[in-house]
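In what follows, every heavy atom counts, from backbone to side chain, and hydrogens, waters and symmetry copies are set aside. Chain identifiers are assigned alphabetically (A, B, ...) following the order of the sequence lines, protein sequences preceding nucleic acid strands; residue numbering begins at 1 within each chain. Quick caveat, the model's predicted, so the values are computed rather than measured.
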There are 2 protein chains.
Amino acid sequence: MNKTEQFLQLKGIRVTAMRILIYNFLSEKKVTVTLSDIENAFDKADRTTLYRTIKTFEDKEIVHQIDDGTGVTKYALCEPNCHCDLNTDLHLHFHCTQCGATVCLTDHKIPKIKVPNGYIAEHVNLVVKGICDKCSVK
Amino acid sequence: MNKTEQFLQLKGIRVTAMRILIYNFLSEKKVTVTLSDIENAFDKADRTTLYRTIKTFEDKEIVHQIDDGTGVTKYALCEPNCHCDLNTDLHLHFHCTQCGATVCLTDHKIPKIKVPNGYIAEHVNLVVKGICDKCSVK
DNA sequence: TAAAATAATGCACTTCCATTGCATTGATTA
DNA sequence: TAATCAATGCAATGGAAGTGCATTATTTTA
Ligand SMILES: [Mn+2]
Ligand SMILES: [Mn+2]
Ligand SMILES: [Zn+2]
Ligand SMILES: [Zn+2]
């Protein structure tokens, strides 16, 4: 049993071929991926299975969702010390309008946001759009 | 010719019955609205017309879009000194998870966000989720 | 180990929202 | 008034997310 399999088991989910494949696919990626990206990478597999696999990963805090405003949900592996559940230590996300890539800026935390009296802030989503490092040097 | 009609003409679009109605509907609202909200308010009108009216308003910077992460696009009238085009003076948006309302916090500007070297920030979308003032007092 | 229980997968179908083509109606201008 | 151009209405499309149910695989337990 290798690292990936051990990790999945530790997270309390059954270790299946599909889950290992998807997990490894995500860990090789430097950027966030959509369900379609996964579909294209595993065209033999059914979309529903991929969809449910990613949902399971989400539930178990293996991946987190990113809503970058493009209308398509992006996913990325959580960092070892990620606390998606607690909504603390939230990093920001960057969407490149040139190449379309969305990346986690894991060590750029979201600053404290002030809200008016009476409002209770529970969660913050912050997406910066612009040109990424790879596109800006071209 | 009243205020609304003058305003629309000033923005360089034809003054039609539908546009006046939708503009007034938006200006009476304290919160952002969805296309469905407008549909429900004007059930005699065709959805496409409402859709295109709001798109025209957007192009002419009469309204701005808000993506609050619910998956449905919200719209709100721009403030008199709104610069949606320049991406300057961006205010933040608040989405109440209790009543579902999304509001513009027009005098809560988005703080300067640092991005890594090589990245060029052009636009920032910031949505705070939580409990709004009306819901928190209940 | 075999049977029973539980979870994962695959297929078909649905829902929701955004968007477009095209014909028609209405407004503006020459 | 006729010609022109924009707004409206209808029908259809497309993309993405989500669900019900039968089948297959994995795990439990007797
Ligand atoms: Mn992230
Ligand atoms: Mn706003
Ligand atoms: Zn890029
Ligand atoms: Zn509320």
Can you check the [X] [atom1] to [N] [atom2] distance for me, whole Å?
| X | N | atom1 | atom2 | result |
| --- | --- | --- | --- | --- |
| Gln65(B) | dC17(C) | CD | C1' | 13 Å |
| Asp43(B) | dT8(D) | CG | C1' | 17 Å |
| Gln9(A) | dA8(C) | CD | C1' | 16 Å |
| Phe57(A) | dT9(C) | CZ | P | 9 Å |
| Asp46(B) | dA18(C) | CG | P | 15 Å |
| Leu8(B) | dT28(C) | CG | P | 13 Å |
| Lys11(B) | dA6(D) | NZ | P | 20 Å |
| Arg47(A) | dT14(C) | CZ | P | 15 Å |

Where each residue is assigned the nucleotide of DNA chain D containing its nearest heavy atom, which of Arg14(B) and Leu50(B) is assigned the position nearer the 5′ end?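 The residue whose closest nucleotide sits nearer the 5' end is Arg14(B).
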Treating Lys129(B) as the side-chain partner and Asp68(B) as the backbone partner, does any N or O pair qualify as donor plus acceptor under 3.5 Å?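 Looks like yes, one N/O pair under 3.5 Å.
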Ser136(B) side chain vs Ile131(B) backbone, donor-acceptor pair below 3.5 Å: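 No, Ser136(B) side chain to Ile131(B) backbone: no donor-acceptor pair under 3.5 Å.
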Taking 4.0 Å as the cut-off, does a side-chain nitrogen or oxygen of [X] come that near to OP1 or OP2 on [N]?
| X | N | answer |
| --- | --- | --- |
| Tyr51(A) | dG18(D) | yes |
| Arg19(A) | dA8(C) | yes |
| Lys55(B) | dA18(C) | no |
| Thr48(B) | dT8(D) | no |
| Thr16(B) | dA7(D) | no |

Which of the following nucleotides, dT8(D), dA18(C), dG10(C), is nearest to the side chain of Thr49(A)?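 From the listed options, dG10(C) comes nearest.
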Show the nearest heavy-atom pair for residues Lys109(A) and Leu92(A), with the distance to one decimal.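 Looking at all heavy atoms of both residues, the closest pair is O-CD2, 4.4 Å.
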Ring centres under 6.0 Å, that's the criterion: do His93(B) and His108(B) meet it?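 No, too far apart.
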Considering every strand and a 4.0 Å limit on heavy-atom distances, what is the contact class for Lys44(A): base, sugar-phosphate, or nothing?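 Here Lys44(A) touches no strand at all.
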So Thr73(A), base contact, sugar-phosphate only, or nothing? Heavy-atom distance under 4.0 Å.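 The residue Thr73(A) makes sugar-phosphate contact but no base contact.
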Would you please test His91(B) and His64(B) for ring pair (Phe, Tyr, Trp, His ring centres under 6.0 Å) and show each step? CA-CA 11 Å; His91(B) 57 267; His64(B) 64 274; 5.0 Å; yes
Polar side-chain contact Arg52(A)-dG18(D) base: donor and acceptor under 3.5 Å: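 Per atom types, no contact qualifies.
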